[in-house]
Amino acid sequence: MKLLICISNVPDTTTKVRFVNDNTAFDTNGVQWIINPWDELALTRAMELREDASSGIEKVTVITVGPAAAEPTLRKGLAIGADDAIRVDAEVGDAYLVASQIAEVVKKDNYDIILNGIESSDYNSSAVGGMLAELLDRPSVSAVSSLRLDKGAVVINREIDGGKEEVSVPVPFVAIVQKGIAKEPRIPAMRGIMMARKKPLQVVPAAAVEPLTEFLDFTLPTPKEPCKMVDADNVKELVQLLQNEAKVI
Amino acid sequence: MSVLVYTENWDGKFKKLSFELVSYATKVASLLDTSVTAISIGKVEEAELAKLGIYGASTVLSADDGKAGGLDNQLYTSIISAAAEKTGARAIILSHNNSGKALAPRLSVKLAAGLAPGVTALPESADPFIVSKKVFSGKAFSRVKINTEKVILTLAQNSFELIEAGGTASVEPFDGGLADVAVQTSIKDIQKQSSKVLLTDAETVVSGGRGMKSGDNWQPLEQLADLLGAALACSRPVSDEGWRSHDEHTGQTGKIIAPNLYLAFGISGAIQHLAGVSSSKFIVAVNTDKDAPIFEAADYGIIGDAARVLPDLIKEIKTAKAQ
């Protein structure tokens, strides 16, 4: 079985966001780039699965859509343990464009299980995995918090609104994963980083796809009023504020 | 033309979320000068379906042939897209909850309709279709332009008020051509969270961080949550330490919530935590460190030990409620 892990190259989650060009573009100046946190958990789980010989996984591939500047993040995926990497050489438009580019790759070189993080921490669309599944006409399972392979059978736990379910789907499928899929993201070891330099990273030309949506401009939220402090010995005052001013209790 | 809204049900019942969605859809429909049709999947009694009319739905399509059990993304996508085609939907609206996030992207591809996920307000214009959404986990907003004729929106939870339009809805059975779709997802086991308030639905949330010092110290938080009808949440270190379940982790990589009131005890307010709670209408912070970043996000703050403040707070709320 072959696994494909879709990786989004995102600004470090502690980044203070700023915009340029009349607030129409994200200011990448001085930004540290990382593997989107949920994609990193997905890759970690893929590694755990492959280490179990009975899982029948031969290969784990990481893929991203983006310019050459995204390659260090893909290399990090290789350093964590992926066997090879693919970069689709396209400008990141919207989720539809990204999903379409990945779908083209999967149509040429089949992958059995595709893992996507539940959202990317930059544009928060939560859309690439579901779109990819529809483009490929494959089952998708979303909000996946655990994925096991039990003698070829797929056992998935997912969160629904108001509970959890254990489900199974036939291979091939797309899993859209969230917290819980792996405990902690793996940190690349020195040996992994050395090996990553020699692993194949294939650059694929972009397919002709038009995005369906565009970000026109960005604004920062208006600063909050300063916090009203209440003395720890006068909790009654807080309750009165919540009751009479905020009117929330 | 119509605006189509997917109203999920829970054991045959709708909840506040469903009515928020219909209220929102009704406003979008008036912008587009059309009416709202709701699509319901699975067994829901006619009286319950008719409630959607109160919030502005003029028609409710009920797809209930016994085949649609739990959520199968392909089957549900087929039903909703068949309803969209039948009603000539210009806009399709879903919740930005687990099922909405699972279905909206598939519908976007199937109907060639651009998707604006997690919107928090009404569109600013219908032609071109422009709507605002949060980006960078709430650190910024962006105006999204959808370039297709049909549009799909998912509405962030607790971001729109209920508006009673006072109408009645006609309920119609809907087939949706399900015979051709194979159900691929087999559900082996369901664990429902029935007794507690759902964290993503809750209007009040009581949350604890590392400052609670141990998972054994949660009793006063539980008591406060009971008193306020609130859901419990926690910061990431708390779930990583195993003091509380991962389901309660609120923050960038956990749950994103938008309650009316968020009470944070012993939470320092790392940027990743704030990303998950910054949409709360009011934030109360109790922390021993006066320089903790949580106080920059909070509306009301107490510098002090949560363990000492909590009993007083519980007592004062009981007194206030008794009056």
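The sequence lines fix the lettering, A, B, ..., with proteins before strands; numbering per chain opens at 1.
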Below 3.5 Å, can you tabulate the donor-acceptor pairs from side chains in residues 139-150 of chain A to any protein atom, sequence neighbours excluded?
| unit_1 | atom_1 | unit_2 | atom_2 | d |
| --- | --- | --- | --- | --- |
| A/S140 | OG | B/N73 | ND2 | 3.0 |
| A/S140 | OG | B/R106 | NH1 | 2.8 |
| A/S146 | OG | A/N157 | OD1 | 3.0 |

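When each of A/L238, A/D231, A/N234, A/L220 is scored by its heavy-atom pairs under 4.5 Å with chain B, the top score falls to A/L238. Ranked by heavy-atom pairs under 4.5 Å with chain B, the first of A/P37, A/S120, A/S121, A/P11 is A/S121. Top candidate by heavy-atom pairs under 4.5 Å with chain A, chosen from B/K290, B/E316, B/E296, is B/E316. Comparing B/T253, B/L228, B/V144, B/L103 by heavy-atom pairs within less than 4.5 Å of chain A, the highest count is held by B/T253. The candidate from A/D94, A/V128, A/T15 with the greatest count of non-hydrogen atom pairs under 4.5 Å with chain B is A/T15. Contact tally against chain B (heavy-atom pairs below 4.5 Å) for A/V169, A/D217, A/V235: the top residue is A/D217. Looking only at heavy-atom pairs under 4.5 Å with chain A, the residue among B/I271, B/T185, B/I317 that has the most is B/T185. Most heavy-atom pairs under 4.5 Å with chain B, from the set A/A99, A/S100, A/G130: that is A/G130. Among B/K101, B/Q252, B/K133, the residue with the largest count of heavy-atom pairs under 4.5 Å with chain A is B/Q252. Put simply, of B/D201, B/V135, B/I256, the one with the most heavy-atom pairs under 4.5 Å next to chain A is B/V135. Looking only at heavy-atom pairs under 4.5 Å with chain B, the residue among A/K16, A/R158, A/E225, A/E119 that has the most is A/R158. Looking only at heavy-atom pairs under 4.5 Å with chain A, the residue among B/S186, B/G138, B/G304 that has the most is B/S186.
Evaluation of the side-chain hydrogen bond (donor to acceptor under 3.5 Å, both in side chains) test over residues 20-29 of chain A, restricted to residues two or more places apart or in two chains, returns none. Within the structure, side-chain hydrogen bond (donor to acceptor under 3.5 Å, both in side chains) pairs that include any residue of residues 239-249 of chain A comprise A/K228-A/E245, A/E245-B/Y300 (at least two apart or interchain).
Only the side chain of B/T77 comes within contact range of chain A, judged by heavy atoms closer than 4.5 Å. Within the 4.5 angstrom heavy-atom criterion, no atom of B/V286 approaches chain A. Both the backbone and the side chain of A/L135 have a heavy atom closer than 4.5 Å to some heavy atom of chain B. Heavy atoms of B/S95 lying under 4.5 Å from chain A are absent altogether. The contact between A/Y96 and chain B is made entirely by side chain atoms (from C-beta outward), counting heavy-atom distances below 4.5 Å. Contacts of A/R138 with chain B are made by backbone atoms alone, with heavy-atom separations under 4.5 Å and no side-chain atom involved. With a 4.5 angstrom heavy-atom cutoff, A/K224 touches chain B only via side-chain atoms. Looking at B/Q272, the atoms closer than 4.5 Å to chain A (heavy atoms on both sides) all sit in the side chain, from C-beta outward. Looking at A/E184, the atoms closer than 4.5 Å to chain B (heavy atoms on both sides) all sit in the side chain, from C-beta outward. Contacts between B/F136 and chain A at a heavy-atom distance below 4.5 Å involve backbone atoms as well as side-chain atoms. Interface remark: A/L242 contributes side-chain atoms only to the contact with chain B (heavy atom separation under 4.5 Å). Residue A/F173 does not touch chain B at all, counting heavy-atom pairs closer than 4.5 Å. The contact between A/V239 and chain B is made entirely by side chain atoms (from C-beta outward), counting heavy-atom distances below 4.5 Å. Proximity to chain A is limited to the side chain of B/Q74, based on heavy atoms less than 4.5 angstrom apart.
Within 6.0 Å of CG in B/D11 there are 12 or fewer heavy atoms belonging to other residues, nucleotides or ligands. For CZ of A/R18, the number of neighbouring non-hydrogen atoms (other residues, nucleotides, ligands) closer than 6.0 Å is 12 at most. For NZ of A/K236, the number of neighbouring non-hydrogen atoms (other residues, nucleotides, ligands) closer than 6.0 Å is 12 at most.
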For the pair A/N36 and A/D39, evaluate side-chain hydrogen bond (donor to acceptor under 3.5 Å, both in side chains) and give the outcome as yes or no after the intermediate values. CA-CA 5 Å; A/N36 178 43; A/D39 304 345; 3.2 Å; yes
I would like to know whether B/N287 and B/F295 meet side-chain contact (heavy atoms from CB on, under 4.5 Å); could you show each step before the answer? CA-CA 9 Å; B/N287 202 295; B/F295 289 119; 3.8 Å; yes
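Salt bridge absent: B/D247 and B/K255 never bring a charged side-chain N and a carboxylate O closer than 4.0 Å. Salt-bridge annotation for A/E214 and B/K145: present, with a side-chain N of the basic residue lying under 4.0 Å from a carboxylate O of the acidic one.
Using a 3.5 Å distance cut-off with no hydrogens or angles, the side chains of B/N97 and B/E8 do pair a donor with an acceptor.
Under the 4.5 Å side-chain criterion, counting only non-hydrogen atoms from C-beta, B/V284 is not in contact with B/F282. B/P220 is listed as a side-chain neighbour of B/I314, based on a closest heavy-atom distance under 4.5 Å.
Judged by distance alone, with hydrogens and angles left aside, the side-chain atoms of B/T250 form no donor-acceptor pair with the main-chain N or O of B/G276 at under 3.5 Å. Counting only distance, with no hydrogens or angles, the side chain of A/N116 and the backbone of A/I176 share no donor-acceptor pair below 3.5 Å. Of the possible donor and acceptor atoms, none in the side chain of B/H96 sits under 3.5 Å from a partner among the backbone N and O of B/Q157.
Using a 30° and 60° split on the angle between ring planes, A/F218 and A/F19 fall in the parallel class, below 30°.
Interface with chain A: from residues 110-118 of chain B, residues B/K110, B/A113, B/G114, B/L115, B/P117 qualify, criterion being any non-hydrogen pair under 4.5 Å.
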